[in-house]
Amino acid sequence: MKLADALILSLALALIIIGIHQTLTAGIGFSYSIFMFAVALLFWFQYRRVKNPDTNSTQEKPKQKKSKKR
């Protein structure tokens, strides 16, 4: 995961926490825009992951078992 991806994900999670706090204190009407912005960041994060997959995780080859010769 690159630094930009980590920042986007962290910001989205922070906005979700802020949105929950605003929902409990002021109501869902005041926190709706915060939740929508967090969801947009999560979509952006997912788009970046699909667009640029890590080369290590997608190109791993399964290990073949060696047969024993008797």
Side-chain angles (χ1 to χ4, degrees):
M1 182 183 303
K2 294 184 179 181
L3 179 63
D5 293 336
L7 289 174
I8 292 170
L9 184 61
S10 300
L11 184 60
L13 294 177
L15 285 175
I16 290 172
I17 293 170
I18 292 169
I20 291 170
H21 178 264
Q22 287 295 316
T23 300
L24 294 176
T25 57
I28 191 73
F30 293 102
S31 62
Y32 180 77
S33 60
I34 297 172
F35 282 124
M36 289 301 108
F37 191 59
V39 168
L41 286 175
L42 289 172
F43 279 134
W44 188 23
F45 172 74
Q46 185 66 25
Y47 173 74
R48 287 177 54 94
R49 272 185 63 184
V50 170
K51 184 179 173 189
N52 296 323
D54 292 337
T55 57
N56 295 337
S57 63
T58 57
Q59 294 181 356
E60 287 183 7
K61 296 179 182 177
K63 295 181 180 178
Q64 296 177 353
K65 294 182 180 179
K66 294 182 181 178
S67 60
K68 294 182 181 179
K69 294 183 179 180
R70 294 184 181 185

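Computed from a predicted structure; not experimentally measured.
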So if you build clusters from Ile, Leu, Val, Met, Phe, Trp, Tyr with side-chain heavy-atom gaps below 4.5 Å, do L7 and L9 land together? no
Here the side-chain hydrogen bond (donor to acceptor under 3.5 Å, both in side chains) pairs for residues 7-19, sequence neighbours left out, are none
Quick one: side chains of residues 33-50, donor-acceptor pairs under 3.5 Å with protein atoms, not counting sequence neighbours, listed by atom name and distance.
unit_1 : atom_1 : unit_2 : atom_2 : d
R48    : NE     : D5     : OD1    : 2.6
R48    : NH2    : D5     : OD1    : 3.3

Hydrophobic clustering (ILVMFWY, side-chain heavy atoms < 4.5 Å, transitive) - are L15 and I28 grouped together? yes
Please name the pair of heavy atoms, one in Q22 and one in S31, separated by the smallest distance, quoted to 0.1 Å. CB-CB, 3.7 Å
side-chain contact (heavy atoms from CB on, under 4.5 Å), paired with I20, selected from I18, I17, I16: I16
same_hphob_cluster(I8, L3) at 4.5 Å side-chain heavy-atom cutoff: no
